[in-house]
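Because the structure is predicted, anything quoted here is derived from the model rather than measured. Numbers restart at 1 for each chain; the letters A, B, ... are given by sequence-line order, proteins then strands. We use all heavy atoms of the structure for the numbers below, so side chains are in, but hydrogens, waters and symmetry mates are not.
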Amino acid sequence: MLPEALFFSAVLFVIGVFGVLIRRNAIIVFMCVELMLNAVNLTFIAFAQVYGVAGQVFVFFVMTVAAAEAAVGLAIIIALFRHRQTVNLQNINLLKG
Amino acid sequence: MITTLDVTVPAQLTLALVPDLVLMGGAMILLVWSALRPESDAHQRSVGVASIILAGITMVLVLAWANRYDAGPGPIAVDNFRWLVDIIVLLGTVFAIALSMDDNMRNGIRAAESHVLILLASSGMMLLAGARDLIIVFLGIELMSVAVYALAGLNRRSERSAEGALKYFLLGAFSTAFLLYGIALVYGATGTTNLQLIGGRVAMFALAGSPLLVAGVALMLIGFGFKVALVPFHMWAPDVYDGAPSAVTAYMAASVKAAAFAAFIRVWLEAFPYSYSAWHGALAGLAIITMIVGNAIGLQQRNIKRLLAYSSIAHAGYLMVAIAAASFQGSSAMLFYLLVYTLATFGAFAVVVALTRDGQEAVMIEDLTGLWSVRPWLAFAMAVLMLALLGFPIFGGAGFFAKWYVLEAALQAPVPQTTLAIVLVLTTVVSAGYYLYVVMVMFMRARPDGMPAPERAGGLTRMVLAITVVLILVLGVVPNGVANLARAGRPRIDVDPTLTTLPRRISTAPPDTAPRVADARAAEPNR
């Protein structure tokens, strides 16, 4: 059971990473980040079966923080949308300093 | 009289966290107050003054607690390392609020809650300074980052500010996911999130080579690498620093980096000393490319904020040398460096704030031409700060000693870091190319006719400038007092009593100079 869960969460995490790097819509990029966080949650729960409750407690913290982060993040996306009328990241090259 | 607390008992844990709780509670009250009145310049200033007072009260509490309490193993550290990082962070907080009071006026930002956001971010940093459990590390980083995302987008009228905030937010959240996945894998490898238990179990069960742990450490390195802007995870830094209001940029470049580095070195010294061979190569490699790339790109910058951004990337590289030393001497050198770096960075950004004209804040180096002839004191202060960032002896004040201690720690480490020390010295020489260029432009070029003199800076900006420059110069003459404090400010390593044999200790410090390690050694009967 544990190897399957770990494998599945690793796959989810990698999908999230590629989504962040490839997609150009700010909302979708943000959703990919959430996907990565949920992959981590799955890992924690899988390990919690072996080690006890600490991993599950961590998941609650991650969910709470992710919710807070979403509130600030969406506000920032709206602030940019007001200037540009778009949430496309075409002009915001994330990988170029 | 020092009382030893047992931080596994909730009441005593609360006592250990009183300075943090006062800051958080006070920030909440100020948040309500700042929202109660309509936005105005006067309200913005009065909330700012109250915020500075709150940070001052917290600093007094930190000093009181430092002389009063001490604690054994648990989720929160109560050691000198925590208190010194707290003081560096709170100093940065006071500077940041003072600068943003002036900067907000000049840029027409009336949001009183900007100061409260700085306080909230600082409470996250204080949590990071004492974090001894990966859950707390995560919470501290997020508490700090979420507030700083909002601060980066503070100037709602500026498109660049919004763009920088979005970039910072997306890459920040992205890096948090890496850090978290690393934490999850380390938890999976060791079965605990407590730093010292991780360290102990890695030693006891010989886990250093386990793939799960190595992958976890690598992912955590990437996560921290993003937070402290190491090359190649630095792409966000110049744009974000450029887009955010100057005072907030100073706060991001100095305090956010200081707190992230404090957590970084504590995690590495307490949890992963026994997997040294697994991470050392990667960490040293990151340090080398960060120093080289940061300084090389810094040479091409003509915008002061971007120049300072690349300078802060290069400084992250120098600080990595202190972590790569993997010794208490390295952590002490880092504390001294963080203090000097905080002072110099806030001073340099205070100059940027002072040069802001009509909301036009992105100053090019050319705007400084002949500054000596119109604003001699400003030019003098900027010269001292640039030399301090360069690490020049005497005229650069404490900047020289900061680099000196890091070099010393690198060369006297259990495994001497000669290559890193050489790269540090060579890249410092390269960095003279841009720091001295700024000084040259100010002093050796005539100011063109018709170029208006900068407006007189606000009182708070001048105060921040004066304090930073004087402290840097004084510490350059008498560094010993603060250096001794930094030496005492090592993280306390308690050894798990169930562990009777340890392969090797991470530090070669002689026991008579290490009172706090001494009681840890008493727990190891076999030594």
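- Between B/T176 and A/E69, the shortest heavy-atom distance links the atoms OG1-OE2, 4.3 Å.
- Heavy atoms of A/T64 lying under 4.5 Å from chain B are absent altogether.
- Residue-environment remark: CZ (B/R156) stays at or below the threshold of 12 foreign heavy atoms within 6.0 Å.
- Inter-residue side-chain proximity for A/V17 and B/F178 is flagged as met; some heavy-atom pair is nearer than 4.5 Å.
- If you take CZ on B/F174 and CG on A/L21, they are separated by 4.5 Å, rounding to the nearest 0.5 Å.
- Only the side chain of B/F169 comes within less than 4.5 Å of a heavy atom in chain A; its backbone stays farther off.
- Counting heavy-atom pairs closer than 4.5 Å to chain A, the top-ranked of the candidates B/A177, B/A309, B/A150, B/P232 is B/A177.
- By the 4.5 Å heavy-atom criterion applied to side chains, A/V87 and B/L166 are not counted as neighbours.
- Within the model, atoms CZ of A/F60 and CD1 of B/I135 stand 12.5 Å from one another, a figure rounded to the nearest 0.5 Å.
- Residue contact with chain B, scored on non-hydrogen atoms closer than 4.5 Å, involves the side chain of A/F13 exclusively.
- With a threshold of 4.5 angstrom between heavy atoms, B/L212 approaches chain A through side-chain atoms but not through N, CA, C or O.
- The heavy-atom pair separating B/A184 from A/T43 by the smallest distance is CB-CG2, 3.9 Å.
- Residues B/Y187 and A/Y51 have side chains in contact (heavy-atom distance under 4.5 Å, counting atoms from C-beta outward).
- For A/A10, the parts sitting under 4.5 Å from any heavy atom of chain B are the backbone and the side chain alike.
- Contact annotation: the side chain of B/Y168 never approaches that of A/I76 to less than 4.5 Å [non-hydrogen atoms, C-beta and beyond].
- The nearest pair of heavy atoms linking B/Y181 to A/L6 is OH-O, 4.4 Å.
- Considering only heavy-atom pairs separated by less than 4.5 Å from chain B, the leading option among A/C32, A/A26, A/G55 is A/G55.
- Neither the backbone nor the side chain of B/A215 comes within contact range of chain A; no heavy atom of the residue lies under 4.5 Å from a heavy atom of that chain.
- Counting heavy-atom pairs under 4.5 Å between each of B/V146, B/L180, B/I297, B/L185 and chain A puts B/L180 at the top.
- The two residues A/F44 and B/I183 have their closest heavy-atom pair at CZ-CG2, 4.0 Å.
- Of the listed residues (A/G73, A/A54, A/A79), the one with the most heavy-atom contacts under 4.5 Å to chain B is A/G73.
- Heavy atoms closer than 4.5 Å to chain A are found nowhere in B/S161, neither backbone nor side chain.
- Looking at A/H83 and B/E163, their side chains never come closer than 4.5 Å, going by heavy atoms from C-beta outward.
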